[in-house]
Amino acid sequence: MVSNMKKSVSHFPLIVSSLMALTLILLPEGARGEVNPDRGREDERGPFEYPVKNFSRLAWDRGDFKLVLRARSFSQGNAVWVRIQRSAGAAGIKDPELEYEGRRVAIARNGDDYEGLFAIAPDERPGKKAIVLRRQETGRQINHHFEFNVARTAFKQYPRPLDLGRYSNISIVPPPEVVAFIEACAAKKREVFERRSSGMLTGPVNHPRDAHFITSPFWAGRKYLRYRMEKGRRVYLKPSVNAHSGVDLRGGKGDPVFAMASGRVVIAEGMYYEGNFIAIDHGSGIFSLYMHLDGLAVEEGRTVRAGELIGHVGSTGLSTAAHLHVSVTIDGVYVDPISLMYAVPR
Ligand SMILES: [Zn+2]
């Protein structure tokens, strides 16, 4: 997405800006990444424009407005984009409220329309789902009801337990300062992810890498080895079972990582499990999370745009090899991050 790339380098230190200017000239149009003033180097490649070819769409016409839903597919673990669209010539509806399966969906005004995103949880029961739109008309409440079907997703299951090195060895009792660090990380995450800042994620949504190759898909069932040491030998315990809360994308150490959408960086620090960790708040309870980074290219509090370089692929924290783990949460529910690119129109 060249259109949202920062072109000006005028506020950078002279030596950095002249180096960047040189690099910019050498790169073909469309291949540029975001210029990053914090790191003082320019990324070589732009975010991969993931080809969104097929998505599913549902629409209901209710006279003065239309309700439109859009998703990669209406199945478990997908993000769903919703638009309440004013019909031509109609007065438009005022301050509507939206619910999906009894849960409030955050919507924001966009011109005459309203837009929002909700999650079909990965563990949500497939079948008929209800959307209710509430509106006030001349002092009385009108409820509009909509129904659609959610399909099952065949999430991958890994039969073999994964050895996580020192994390699998429960005989290694972390020293008190590490325990305190883990607790401090958890407290920070709780505080940040409870926030519901104003604003709504709008397009475009970019790929977080410059190449698309998934090494571990969303909600894959993974077992982790657990053992304790007895007389120098491993005594295996029942493996712990986890669902993979994001996607792992292939990348070598130092490869660029890009913000999936515009928002504010709310975490940019090293954490115990996540390693070098970035979280971006996209507004209305939508967050994207980037883990195991080698380096952080942005600071907490900074506003970033879709496709901006935020860090580099690494293997820090609970990670066995260099890769990028990306998660997306909508109102506390994990969805497949890739599904967000299909849901939000460009
Ligand atoms: Zn992962």
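Since this is a predicted model, take the numbers as computed values, not measurements. Position 1 is the first residue of the sequence; numbering continues from there. First listed ligand is number 1; within each ligand, the first listed atom is number 1.
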Report the name of the N/O/S atom of Asp248 located nearest to the Zn ion (ligand 1). OD1
Have a look at His325 and say which of its N, O or S atoms is nearest the Zn ion (ligand 1). ND1
Between Arg134 (side chain only) and Gln141 (backbone N and O only), is there a donor and an acceptor less than 3.5 Å apart? no
For Asn143, does the CG atom have more than 12 heavy-atom neighbours from other residues, nucleotides or ligands under 6.0 Å away? yes
Salt-bridge test for Glu124 and Arg103: reply yes if a basic N is under 4.0 Å from a carboxylate O, no otherwise. yes
Confirm or rule out an N/O/S atom of His323, from backbone or side chain, lying less than 2.8 Å from the Zn ion (ligand 1). no
Here's one to test your reading of the geometry: is the NZ or CZ of Arg86 within 45 degrees of the ring axis of Phe65 and under 6.0 Å from its centre? no
